[in-house]
Every structure is written in structure tokens, then in C-alpha cells.
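Here the structure is laid out as C-alpha cells; the discussion comes afterwards.
For this chain, numbers begin at 1 and follow the sequence in order.
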Amino acid sequence: MLWVSLPFLFQGRTMAESIDVLSQVLGVDGLRGEVFCRTSLGDSMSLSFPSNQAHFHVIERGPCWVSVAGEPNPVLANAGDLVLLLGGAGHSIASTADPDDDHPLWDVVPTHYDAERMTLDMSEGVDRVLMVCGRFRMDTVGAEAVADLLPPVVHLQGQHGALADWLPSMMRLLSAEATSRETGSALARARLVDLILVGAIRRWLSDHEDANAGWLGALRDPMVGPALRQLHAQPEERWTVERLAALVGLSRSPFAARFKTQVGVSPMKYLTTWRMRVAVRMIRQGAAIGEVATAVGYESEAAFRRVFKRETGDPPGHYRLQGRGPETTVA
């Protein structure tokens, strides 16, 4: 859930500081992006993408209609727009509002996908929609962070505003690398996709700074926000409700009540869950259990193991065996 993933992206922080926090959550090795293909659709055609997978689509020619499972209305996207679907919802993209045919992605890949050119041609001679489709692989912490922070569909319009300043240049570079066979081209594509994701999240956060409800409201709260910053910045500290309350100038009971109202859980539950998320990432990256225990605030490895098993349902060694563990992906 978001409350253990991305607090304090606001509270007067600069954009650079916000992205530092985002980088912490996604992790140095926690994010992998890649282009799947450049896709073209013909008249009255729909292409559906599977669920449990994180996608992005950059619309080069439109308009097109993006329909997402569980959402009542399709999103109308035009040329230059960027659409992110990081929550893993199944979705379809159509060249008309009421298409005649829907084609599941993996049904048409064997017959219409050109691996050498990285194209999926469904145009039937008429390119009504042209888009670059990509996917993200994120470790569990990063996937939950961005999926819980953002709505099911993030639609960023590219014809005006800050998106128009950077997305076209990113896409030109991506297009050049998409057909390149030079050494390092796959890595270059992956890093460009990562930049697109981070830039899109920055844009969305900037555009929604006036939100007052839910998490965005909690992050701006003058009492809760600073406490969240401290818990994230120093999970190894011996935090107590009293210490956190003193930091923001409240007594214990009013602070605890305010925190739970804003966040949905108590400060100590928040801290414990965040510590376990940090621990899971460190274990998957190969850190020794004793090192992890110290990094997340436990004086003994035994105490850490007990809490870890209680919170996650598995011993730390379970995540060691998983290596990088589950990812949100499209393949």
C-alpha cells in the first residue's frame, strides 16, 4: 500500500528531492523498462493487453480509445499523449470508440510481430493508430508504490505543458534505439523507458498538487507529513509515538489519533511495515540477515526474524531463495 511506499513526496520538497525519494522506493535494481513493439491498428480494430502487467503506450498517431477493466469509461488519447497502466489492469486500445473486432495481444504476436523491426502491424494497410508499447518490470516494493500512488490510468496529454518539452525527445531517441543493433542498444532502450516512467510520475504529481483527500492530503498535513519523512528517512531509529509527537509539537494522544485518521494505521504499524518492505528488498539484493536486521532497527537477528515472519508470513530465507522475487511485468 502507498502508506509504506511513497510518503513525503510533497511537504515543500523540491522536485529533485521528490525524485530522490522515488528512486529510493523503486531501488537501484528494482526498475526495468523495455520497449515491446511499435504497434499499428487499422479501421475499427481493438488490441487487448493482459492483466497483472505494467504497461505504457506513447501515442504517435491517433486518436485512440483506451478501455481498462473495472473502469466505466474509455480514455480518449491523441497523438503525443502518454498512457501509463501500472496497476496491472487488463486493457484494450481501439482505433474507434466502438470497434468491430478485438484481438488479444498474444493471439496476434505469432502472425503479426516482426522481431527484427520490433513492430506489430495490425493496420491492414491503413494506420489509424500508431503507438509505441512498452512494459515495466518492478520488484514488489516498487510495483506497489507506484500502483498505489497513481490511478488505474494515468493519461498525460503531450500537446501542451511540460510533457511536450521532454517526451518527444525521449521518443526520438527511443525510436532510434528500437531498430539499432549496436552494442548496448537494449540497455539504452531500457534506460530511456525508465526515464519516461520517472518523468511521467513527476508530471502527474505536479499536475495534482492541489489534491486534498487521501494520501496527498496526508502528505501535506503539517503534523503527519514531517513524521512520515522521519520514519522513511531513518527506519533504523528507535522511534516511539512520543518521539514523533514531540517532533511536530503535539502530545502523544492527539498526534496518534491524527496520524491514524490521515494514514489509516498507527505510526508504529506504519514503521514496522515499511521496515519489512526495506528488509525484503535488501534480502533479495543479497544482504546478510544480520546486516538487514541492523539496517531496519533491530538489535538482534532473532528479534528481526520473529517480526519478519509475523509480518510477511515467511522467514527471511524464503525471500533469499526467491532472489529478485516476483515482478510486475508483461511477459
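- Taking the side chain as every heavy atom from C-beta outward, M45 and M122 approach each other to under 4.5 Å.
- Other residues, nucleotides and ligands contribute at most 12 non-hydrogen atoms within 6.0 Å of the CD atom of E124.
- One hydrophobic cluster holds both W106 and M131 under the rule that ILVMFWY side chains link at heavy-atom gaps under 4.5 Å.
- Judged by distance alone, with hydrogens and angles left aside, the side-chain atoms of T312 form a donor-acceptor pair with the main-chain N or O of D314 at under 3.5 Å.
- Nearest heavy atoms, C64 versus V129: CB-CG2, 3.7 Å.
- With rounding to the nearest 0.5 Å, the separation of CD1 in I93 from CD1 in I59 is 5.0 Å.
- In this structure, L130 and T39 have side chains that are not in contact, with every pair of non-hydrogen atoms separated by 4.5 Å or more.
- There is no side-chain donor-acceptor pair under 3.5 Å between T96 and D98.
- With values rounded to the nearest 0.5 angstrom, M282 atom CE is found 9.5 Å from I289 atom CD1.
- Shortest non-hydrogen contact noted between L244 and P267 is CD1-CB, 4.0 Å.
- Proximity of D114 to D121: side-chain heavy atoms (C-beta onward) are nowhere separated by under 4.5 Å.
- Looking at every heavy atom in both residues, F255 comes nearest to A245 through CB-CB, 3.6 Å.
- Using a 4.5 Å heavy-atom threshold, the side chains of P222 and V248 count as separate.
- For the pair V193 and L195, the minimum side-chain heavy-atom distance is 4.5 Å or more.
- Checked against the 6.0 Å centroid criterion, the rings of H155 and H57 do not qualify as a close aromatic pair.
- Looking at R258 and V224, their side chains come closer than 4.5 Å, going by heavy atoms from C-beta outward.
- In terms of heavy atoms, P99 sits closest to S46 at CG-CB, 3.8 Å.
- Cluster membership for W65 and V153, using ILVMFWY side-chain heavy atoms within less than 4.5 angstrom, is not shared.
- At least one side-chain heavy atom of R310 sits less than 4.5 Å from a side-chain heavy atom of T272.
- Between E311 and R275 no salt bridge is recorded (no basic side-chain N to carboxylate O distance below 4.0 Å).
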Item to complete: Please report the C-alpha distance between I283 and F308 in whole Å, then the side-chain angles of each, then the deciding distance to 0.1 Å, and finally whether the side-chain contact (heavy atoms from CB on, under 4.5 Å) criterion is met.
Response: CA-CA 12 Å; I283 292 168; F308 190 95; 4.0 Å; yes

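- In terms of hydrophobic clustering, with Ile, Leu, Val, Met, Phe, Trp and Tyr side chains grouped at heavy-atom distances under 4.5 Å, L76 and V83 are assigned to different clusters.
- The minimum heavy-atom distance between E301 and A293, with the atom names listed, is CA-CB, 4.2 Å.
- Side-chain contact between S48 and H103 is absent, with no heavy atoms from C-beta onward closer than 4.5 Å.
- Between the side chain of D81 and the main chain of N78, a donor-acceptor pair closer than 3.5 Å is present.
- Linking Ile, Leu, Val, Met, Phe, Trp and Tyr whenever their side-chain heavy atoms come within less than 4.5 Å puts V132 and V109 in one cluster.
- At distances below 3.5 Å, at least one donor-acceptor pair connects side-chain atoms of S95 with backbone N or O atoms of S44.
- Cation-pi geometry between R243 and W239 is met: under 6.0 angstrom from the ring centre, within 45 degrees of the axis.
- Between the CZ atom in F304 and the NZ atom in K309 there is a gap of 13.0 Å [rounded to 0.5 Å].
- The two atoms that bring F259 and V265 nearest to each other are CD2-O, 3.3 Å, heavy atoms only.
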Worksheet item: Step by step, would you call V296 with E236 a side-chain contact (heavy atoms from CB on, under 4.5 Å)?
Response: CA-CA 4 Å; V296 296; E236 77 283 0; over 6 Å; no

Item to complete: Walk me through it: do F49 and S92 pass the test side-chain contact (heavy atoms from CB on, under 4.5 Å)?
Response: CA-CA 6 Å; F49 295 80; S92 64; 5.9 Å; no

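- Taking CZ of R135 as the start and CZ of F56 as the end, the distance is 10.5 Å to the nearest 0.5 Å.
- Atom NE2 of H112 is separated from atom OG of S123 by 9.0 Å, given to the nearest 0.5 angstrom.
- Distance check: L85 CG to E71 CD gives 9.5 Å after rounding to the nearest 0.5 Å.
- A salt bridge links D127 with R61: at least one charged nitrogen is closer than 4.0 Å to a carboxylate oxygen.
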